[in-house]
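The shown structure was predicted, so the numbers you read here are calculated from the model rather than taken from an experiment.
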Amino acid sequence: VVAFAPKAPTLGGEDIMCIGQSFMALQKDKEALDMFNQAVNKGYKNGEIYFAKGIAETNLEQYTNAETSFRQSLFYMPNRKKVLIELAGCYYKAEQLDSALSTYQKIEKNWGDYYPALVMSCQIMHEMEEYKEALACYYTKLPALKKDKFYYKEALESVMRLEWHTFKNYYKAEVAIKNLMDAFPENYEYNMLLMQLYNFTGNYVDAATQEDYIM
């Protein structure tokens with residue numbers, strides 16, 4: 001399909017978009033963006049082409065242009081989940097954390113079973129050093145995240161780090177590690193973390209028990 005790229009000026013907008021999508025499949029975002037811009041300049045304007053254009057611009061770190069493209073996509077496809085997800089990711093990569101957070105919260109409100117948004121809302125608060133709010137956010141989301149092991153693990157590890165290193169609540173850190181051990185019994189790194197926690201808090205007997213178990 002990309003062999004038709006030199007003939008793009010003679011083709012219709014939909015065909016040019018297909019060439020752009022093929023370039024994207026080959027991870028050639030610069031060439032893809034050139035095709036998308038040619039299609040738009042020919043008057044081919046709809047939610048899908050602006051969506052694809054925004055993804056290419058995000059990949060090329062043209063975040064301001066990408067935001068504009070995603071906004072234009074939402075004009076044609078209001079409140080479309082996939083567009084909001086990419087817009088939130090664009091904000092996050094551009095380090096516009098407030099905008100990323102509000103967009104992820106909107107996704108969470110409309111699609112509560114989209115687990116990445118559940119975690120990202122908490123993670124952004126964490127990165128913004130709003131530790132108390134982030135910890136409460138993680139705890140609130142954990143029951144729902146149990147349905148997805150990857151994001152449950154991400155959230156529970158964050159809880160463990162906050163309780164241990166930020167709030168010095170070693171008992172709750174221990175509970176978080178034990179929950180990780182229950183969920184992922186073959187990951188002995190959690191046993192090692194528990195051993196380290198016991199040694200750190202002077203609980204050497206239980207630390208030795210964990211060491212024996214690991215060995």
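Of all heavy-atom pairs between K82 and F51, the closest is O-CE1, 3.5 Å. The two atoms that bring P9 and A5 nearest to each other are CD-O, 4.4 Å, heavy atoms only. Here the closest heavy-atom approach between residue A117 and residue E108 is recorded as O-OE1, 4.1 Å. The minimum heavy-atom distance between C90 and A66, with the atom names listed, is SG-CB, 3.8 Å. Residue Y115 comes nearest to A144 through the heavy atom pair CE2-O, 3.5 Å, listed as atom of the first residue, atom of the second, then distance. Closest non-hydrogen pair, V159 versus L142, comes out as CG2-CD1, 4.3 Å.
Taken together through direct or relayed side-chain contacts under 4.5 Å among Ile, Leu, Val, Met, Phe, Trp and Tyr, L87 and Y114 form part of one hydrophobic cluster. In terms of hydrophobic clustering, with Ile, Leu, Val, Met, Phe, Trp and Tyr side chains grouped at heavy-atom distances under 4.5 Å, F167 and L194 are assigned to a common cluster. With hydrophobic clusters built from ILVMFWY side chains whose heavy atoms lie under 4.5 angstrom apart, V83 shares a cluster with Y44. In terms of hydrophobic clustering, with Ile, Leu, Val, Met, Phe, Trp and Tyr side chains grouped at heavy-atom distances under 4.5 Å, L135 and M125 are assigned to different clusters. Linking ILVMFWY residues whenever their side-chain heavy atoms come closer than 4.5 Å, directly or via other members, leaves I107 and V119 in distinct clusters.
With hydrogens and angles left out, the side-chain atoms of Y190 and E157 include a donor and acceptor closer than 3.5 Å. Of the N and O atoms on the side chains of E57 and S69, at least one donor lies less than 3.5 Å from an acceptor on the other residue. Between D206 and Q210, the side chains place no donor N or O within less than 3.5 Å of an acceptor N or O (distance only, hydrogens not considered).
Counting only residues at least two apart or in different chains, side chain to side chain donor-acceptor pair (under 3.5 Å) contacts with residues 167-176 comprise E174-K178, E174-Y198.
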Can you check side-chain contact (heavy atoms from CB on, under 4.5 Å) on S73 and R80, steps first, answer last? CA-CA 9 Å; S73 179; R80 184 66 66 86; over 6 Å; no
Set out, in order, the CA-CA distance, both residues' side-chain angles and the distance that settles side-chain contact (heavy atoms from CB on, under 4.5 Å) for Y138 and H126, then state yes or no. CA-CA 10 Å; Y138 285 125; H126 198 160; 3.6 Å; yes
When you look at L84 and L74, which way does the side-chain contact (heavy atoms from CB on, under 4.5 Å) test go after all the steps? CA-CA 8 Å; L84 288 170; L74 288 168; 3.9 Å; yes
Hey, mind stepping through K106 and N79 against side-chain contact (heavy atoms from CB on, under 4.5 Å) and telling me if it holds? CA-CA 9 Å; K106 183 175 182 179; N79 207 35; 3.3 Å; yes
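Within the 3.5 Å criterion, the main-chain N or O of E163 finds no donor-acceptor partner in the side chain of T166.
The shortest distance between side-chain heavy atoms of M17 and F36 falls below 4.5 Å. Between I49 and V40 there is a side-chain heavy-atom pair separated by less than 4.5 Å. For the pair E95/E127, no side-chain contact is recorded, criterion being any heavy-atom separation below 4.5 Å from C-beta on. By the 4.5 Å heavy-atom criterion applied to side chains, N46 and M77 are not counted as neighbours. Contact annotation: the side chain of E86 never approaches that of T58 to less than 4.5 Å [non-hydrogen atoms, C-beta and beyond]. Contact of the I85 side chain with the Y104 side chain is not registered, since no non-hydrogen atoms from C-beta on lie closer than 4.5 Å. Side-chain contact between N110 and K81: absent, with no pair of heavy atoms (C-beta onward) separated by less than 4.5 Å. Using a 4.5 Å heavy-atom threshold, the side chains of L118 and Y151 count as separate.
E154 CD to Q123 CD: the interatomic distance, rounded to the nearest 0.5 Å, is 7.5 Å. Between atom CG of residue L197 and atom CD1 of residue I177 there is a gap of 5.0 Å, rounded to the nearest 0.5 Å. Summarising the geometry, atom CG belonging to N187 is positioned 5.0 Å from atom CD belonging to E189; distances are rounded to the nearest 0.5 Å. One finds the CD atom of Q96 at 13.0 Å from the CG atom of L101 (value rounded to the nearest 0.5 Å). Atoms CG and NZ, on D113 and K147 in that order, are 8.0 Å from each other to the nearest 0.5 Å. Atoms CG and OH, on L162 and Y139 in that order, are 9.0 Å from each other to the nearest 0.5 Å.
Atom CD of E133 has more than 12 neighbouring heavy atoms from other residues, nucleotides or ligands inside a 6.0 Å radius. At most 12 heavy atoms of other shown residues, nucleotides or ligands fall within 6.0 angstrom of atom OH in Y213. A 6.0 Å sphere centred on CZ of F4 holds no more than 12 heavy atoms belonging to other residues, nucleotides or ligands. For NZ of K42, the number of neighbouring non-hydrogen atoms (other residues, nucleotides, ligands) closer than 6.0 Å is greater than 12. The number of heavy-atom neighbours closer than 6.0 Å to CE of M192, taken from other residues, nucleotides and ligands shown, is 12 or below. For K45, the NZ atom is loosely surrounded, since the number of other residues' heavy atoms within 6.0 Å does not exceed 12.
Of the candidates K30, Q27, M24, N59 forms a side chain to side chain contact (heavy atoms under 4.5 Å, CB included) with just one, namely M24.
Note on ring orientation: taking the six-membered ring where Trp is involved, the planes of W164 and F200 are tilted (angle from 30° to 60°).
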